[in-house]
Amino acid sequence: MGKLISKIPDGPLAEKWTRYKASVKLVNPANKKKIEIIVVGTGLSGAGAASALGELGYSVKNFCYQDSPRRAHSVAAQGGINAAKNYQNDGDSTYRLFYDMIKGGDFRAREGNVYRAAEVSNQVIDHFTALGVPFARDYGGTLDTRSFGGVQVSRTFYAKGQTGQQCLLGCYSSLNRQIKKGNVKMFPRREMLDLVVIDGRARGIITRNLITGEIERHGAHAVVLATGGYGTIYYLSTLAVNSNASAAWKAHRKGAFFANPSFVQIHPTSVPQLNEFQSKLTLMSESLRNDGRIWVPKSKGDKRPANDIPEDERDYYLERRYPTFGNLVPRDVASRAAKERCDAGYGIGESGLAVNLDFRDAINKQGKKAIENKYGNLFDMYKTITGIDSYDEPMRIYPAGHYTMGGLWVDYELMTTIPGLYAIGESNFSDHGANRLGASSLMQAAGDGYFVLPNTISNYLADQISVAKIATDKPEFADAEKAATERIDKLMSIKGKHTASSFHKRLGKIMWDYVGMSRNEAGLKKALELVKELKDEFWKDLNIPGSAADLNMELEKAGRVADYFDLAQLLINDALDRKESCGAHFREEYQTPDGEALRNDKEFAYVAAWEYAGEGKPHILHKEELKFEEVEMKVRSYK
């Protein structure tokens with residue numbers, strides 16, 4: 001470990017994946033039955049990988065901390081999933097999808113990985129359609145599409161505002177088929193506590209049964225992490241409350257490099273925080289920006305009801321600043337613009353931390369029924385939360401933590417720096433650079449799980465067919481179990497006065513205030529001091545009621561928050577080290593005269609891959625140079 005080898009195939013960009021598949025090592029059907037694979041996570045990437053690998057004949061063990069695989073956070077995706085089908089005949093293509101992703105990510109992603117994600121996108125849509133996902137269709141029966149931010153074509157397939165839920169149900173059905181056939185064994189209500197590495201290879205995991213508290217050992221020839229991102233580091237985010245980074249962080253501590261941790265996406269359309277007692281925020285799909293227009297009053301501090309403000313006193317600031325893309329600029333651009341308007345005193349509501357998302361013009365033109373058909377469940381959800389009927393008055397929205405482009409470093413085969421350990425979907429860093437385009441998350445997650453990993457993992461497993469079933473009585477399993485048990489005992493023994501959630505909330509505020517939509521050197525250094533102080537307080541004053549030998553959600557939270565303290569320090573250091581602005585990483589010191597992100601390609605056109613050096617020691621930075629052979633790095637403009 002220590003040297004980054006991306007394994008990007010030779011040849012023209014459009015042929016790399018085809019050439020790779022033609023030359024990859026294979027495992028014959030008889031040998032696949034002898035090989036065990038652990039998959040942690042059951043979202044689109046995890047359930048997709050487990051079912052695809054089971055279909056191939058491997059023996060798969062699939063883990064999730066939820067009571068059912070279909071509660072994975074992929075269920076929360078709303079607006080759609082991208083593919084370059086070009087059904088609209090509007091000029092879309094695999095190359096255009098690739099270029100939109102590279103540009104949207106501000107030229108901080110690998111060409112090879114991104115092109116492959118675009119290439120397999122069409123297979124993903126075909127597969128989900130075959131699984132019965134009820135995508136919207138036009139009058140002639142063809143799958144319908146809509147547009148998302150940062151593009152000028154209509155390539156986003158959708159199932160009203162429930163696309164993630166419907167796609168996850170499709171994955172769940174294919175997973176259940178393999179469970180019924182005996183190719184996949186499901187382990188719900190398990191949390192991964194550690195990765196087991198034997199002779200430098202990933203050979204298993206340690207888990208805790210969240211119902212009984214029992215610590216378990218599980219061995220395999222390879223381990224796949226499909227455990228999502230770390231957006232809940234902000235406490236208030238659009239993610240499920242239990243979403244966490246602990247599995248990835250445990251792998252990081254065992255030798256898997258962590259890449260670009262400071263690349264965190266802030267989603268521009270979230271329901272604003274309503275009170276100080278909230279534990280999460282609610283996403284309002286980016287798809288709403290197809291028909292909704294974003295505006296603020298032209299006068300500072302104007303607190304009149306939105307419908308009382310005349311048209312000539314409204315500032316449609318995205319349409320004014322970015323006439324080419326208008327309300328469908330990328331998420332980082334839209335989020336910063338909303339923050340700028342609110343900071344300048346033009347925000348709405350009591351807090352002044354909100355802007356209007358107005359459907360008046362769309363309803364007048366298309367009719368209420370047409371808008372209801374496209375977004376009805378989102379309007380219903382918004383009304384349930386806020387009491388506002390968005391058919392009659394604008395939604396109020398504000399940016400919130402949402403998605404993480406950073407994650408475990410992986411090569412072209414999706415393998416981490418630990419041989420035999422793979423990271424797929426949001427848990428890896430590979431496809432989105434410094435900013436993810438909307439509707440590309442489901443696309444990448446399903447593509448990794450169903451169509452990429454099943455091809456690449458055989459290149460490793462072909463050399464493992466002579467390795468016997470991994471016995472869990474080896475010293476490495478005992479050591480990992482001992483370390484996990486000792487950590488639980490340490491957490492339980494503190495006997496302080498404050499809950500894990502209270503520490504998490506305070507950590508989230510530090511991260512949002514200093515490491516959120518905009519950052520600067522002084523603020524980042526201040527955040528480092530505050531996080532360290534809070535971490536010290538956590539380990540002295542944490543209180544966990546109950547017992548570790550039973551169901552104990554407070555213990556679960558405590559372990560995750562403890563990991564977040566360490567990840568927060570790495571995230572801040574990465575943001576300090578990257579002295580440029582790119583995508584969602586916006587350093588106030590590095591911006592253009594009109595307030596846009598100012599990249600420094602000469603010094604920072606690389607992937608920052610951080611190596612864990614031990615408790616209390618600074619991480620070691622490794623740089624993977626980003627080489628662009630097909631596209632030219634340009635100043636990203638959406639005007």
Side-chain angles (χ1 to χ4, degrees), residues 73 75-79 160-165 231-232 234-241 266-297 301-309 314-318 327 331 334-335 337-339 341-343 345-364 368-402 438 505 508-509 512 516-517:
H73 192 61
V75 75
Q78 297 171 351
K160 215 165 187 177
Q162 306 172 345
T163 314
Q165 178 181 350
T232 50
Y234 292 105
Y235 185 69
L236 290 176
S237 77
T238 65
L239 279 74
V241 172
I266 309 299
H267 200 291
T269 53
S270 166
V271 178
Q273 183 178 354
L274 300 175
N275 58 64
E276 62 178 296
F277 305 108
Q278 284 180 247
S279 58
K280 77 175 302 294
L281 298 171
T282 303
L283 174 70
M284 285 289 109
S285 169
E286 181 170 321
S287 62
L288 294 169
R289 289 196 273 147
N290 273 275
D291 291 300
R293 301 178 70 192
I294 296 175
W295 63 274
V296 293
D302 191 337
K303 298 301 181 183
R304 287 178 293 173
N307 290 341
D308 291 347
I309 299 177
R314 301 180 176 195
D315 178 17
Y316 296 92
Y317 58 88
L318 290 178
N327 294 295
R331 292 173 176 178
S335 293
K339 181 179 187 298
R341 288 290 79 191
C342 291
D343 289 351
Y346 296 94
I348 64 170
E350 293 182 10
S351 68
L353 295 177
V355 298
N356 289 305
L357 180 60
D358 198 338
F359 296 87
R360 181 196 63 183
D361 294 346
I363 291 172
N364 288 340
K368 180 179 177 181
K369 185 63 177 177
I371 299 302
E372 185 178 355
N373 287 339
K374 286 189 277 189
Y375 314 115
N377 68 301
L378 299 174
F379 279 54
D380 292 344
M381 182 165 59
Y382 185 83
K383 185 175 182 180
T384 299
I385 295 169
T386 67
I388 295 174
D389 188 340
S390 302
Y391 295 107
D392 297 326
E393 58 182 293
M395 289 182 178
R396 293 179 178 180
I397 57 168
Y398 193 71
H402 178 62
K505 185 176 182 178
K509 179 162 176 51
W512 182 253
M517 276 184 279

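Sequential numbering from 1 along the given sequence is applied to the chain's residues.
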Undergrad: Less than 4.5 Å apart, side chain to side chain, heavy atoms only: is that true for N307 and P394?
TA: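 They are in contact (side-chain heavy atoms under 4.5 Å apart), so the answer is yes.
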Undergrad: Before giving the answer on side chain to side chain contact (heavy atoms under 4.5 Å, CB included), spell out for D358 and W295 the whole-Å C-alpha distance, their side-chain angles and the decisive distance to 0.1 Å.
TA: CA-CA 8 Å; D358 198 338; W295 63 274; 3.1 Å; yes
Undergrad: Give a yes or no answer on whether the side chain of Q78 reaches the backbone of L378 with a donor-acceptor pair at less than 3.5 Å.
TA: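 No; zero donor-acceptor contacts below 3.5 Å.
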Undergrad: Using the rule side-chain contact (heavy atoms from CB on, under 4.5 Å), only one of T386, I397, L283 pairs with V271; which is it?
TA: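 Running side-chain contact (heavy atoms from CB on, under 4.5 Å) over T386, I397, L283 with V271 returns exactly one hit, T386.
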Undergrad: Within a reach of under 6.0 Å around NZ of K369, are more than 12 heavy atoms found that belong to other residues, nucleotides or ligands?
TA: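 No, not enclosed.
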Undergrad: Hey, do the aromatic rings of F359 and F379 have their centres closer than 6.0 Å?
TA: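 So the answer is yes for these two rings.
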Undergrad: Looking at CE of M517 and OG of S335, how far apart are the two atoms once the value is rounded to the nearest 0.5 Å?
TA: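 With rounding to 0.5 Å, CE (M517) is 6.0 Å from OG (S335).
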Undergrad: Do you know the tightest heavy-atom contact between Y375 and N290?
TA: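 Reported closest heavy-atom pair: OH-CB, 3.5 Å.
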Undergrad: Atom CD in E372, atom CG in D380: separation rounded to 0.5 Å?
TA: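 Answer rounded to 0.5 Å: 7.5 Å.
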Undergrad: Is there side-chain contact between Y235 and S279, with at least one heavy-atom pair below 4.5 Å?
TA: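 When only atoms from C-beta onward are counted, S279 and Y235 do touch, with a gap below 4.5 Å.
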Undergrad: Determine whether more than 12 heavy atoms belonging to other residues, nucleotides or ligands lie under 6.0 Å from atom NZ of K509.
TA: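 Count not over threshold, so no.
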Undergrad: Roughly how far, to the nearest 0.5 Å, is the CG atom of N373 from the NZ atom of K368?
TA: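 That separation rounds to 12.0 Å.
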Undergrad: Answer yes or no: is there a donor N or O on one side and an acceptor on the other, between the side chain of S270 and the main chain of P399, under 3.5 Å?
TA: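 Not a single qualifying donor-acceptor pair exists.
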Undergrad: Rounded at 0.5 Å granularity, tell me how far OH in Y391 sits from CD1 in I371.
TA: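 One gets 8.5 Å once the value is rounded to the nearest 0.5 Å.
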Undergrad: For L318 versus A337, what's the shortest heavy-atom pair and its separation?
TA: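 Minimum heavy-atom separation between L318 and A337: CD2-CB, 3.8 Å.
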Undergrad: From D315 CG over to R341 CZ, what is the distance, rounded to the nearest 0.5 angstrom?
TA: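 The distance works out to 6.0 Å.
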Undergrad: Counting distance only, does the side-chain N/O of K374 pair as donor-acceptor with the main-chain N or O of K160 below 3.5 Å?
TA: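 Checked: no pair found.
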Undergrad: Over all heavy atoms of both residues, which pair between A240 and T232 is shortest? Give the atoms and the distance, please.
TA: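 For A240 and T232, the tightest heavy-atom pair comes out as O-CG2, 3.5 Å.
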Undergrad: Does any N or O in the side chain of Y382 come within less than 3.5 Å of the main-chain N or O of R396, such that one atom is a donor and the other an acceptor?
TA: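 Confirmed, Y382 side chain pairs with R396 backbone.
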Undergrad: What distance do E276 atom CD and Q278 atom CD have between them, rounded to the nearest 0.5 Å?
TA: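 Rounded to the nearest 0.5 Å, the CD-CD separation comes out at 10.5 Å.
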Undergrad: Yes or no on side chain to side chain contact (heavy atoms under 4.5 Å, CB included) for T269 and L288, after CA distance, side-chain angles and deciding distance?
TA: CA-CA 9 Å; T269 53; L288 294 169; 5.9 Å; no
Undergrad: Considering all heavy atoms of both residues, which atom of K280 and which atom of T238 are nearest to each other, and what is their separation?
TA: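 Closest pair (atom of K280, atom of T238, distance): NZ-O, 3.5 Å.
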Undergrad: When you measure from the side chain of N327 to the backbone of R289, do you find a donor-acceptor pair of N or O atoms at a distance under 3.5 Å?
TA: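 Such a contact is absent between N327 side chain and R289 backbone.
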Undergrad: Is any side-chain heavy atom of N377 closer than 4.5 Å to a side-chain heavy atom of M381?
TA: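 Contact flag for N377/M381 side chains = no.
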Undergrad: Are any of the side-chain heavy atoms of L236 and Q273 separated by less than 4.5 Å?
TA: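 Yes - at least one pair of side-chain heavy atoms lies under 4.5 Å apart.
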Undergrad: For L357 and M284, run side chain to side chain contact (heavy atoms under 4.5 Å, CB included): C-alpha distance rounded to whole Å, both residues' side-chain angles, the deciding distance at 0.1 Å, then the answer.
TA: CA-CA 10 Å; L357 180 60; M284 285 289 109; 5.5 Å; no
Undergrad: Give the minimum heavy-atom separation between L239 and G401, together with the two atoms involved.
TA: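 The pair with the smallest heavy-atom distance is CD1-O, 4.4 Å.
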Undergrad: Looking at R314 and A306, would you say the former's side chain and the latter's main chain have a donor-acceptor pair under 3.5 Å?
TA: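 A pair under 3.5 Å: yes.
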Undergrad: Test your reading of the model: is there a side-chain donor-acceptor pair from S237 to the backbone of H402, 3.5 Å cut-off?
TA: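 No: the side chain of S237 does not pair with the backbone of H402.
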Undergrad: Is there a side chain to side chain contact (heavy atoms under 4.5 Å, CB included) between T163 and S285? Walk through the geometry before answering.
TA: CA-CA 10 Å; T163 314; S285 169; over 6 Å; no
Undergrad: Measure across R360 and Y316 and return the closest heavy-atom pair with its distance rounded to 0.1 Å.
TA: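 So the two residues come closest at NH2-OH, 3.8 Å.
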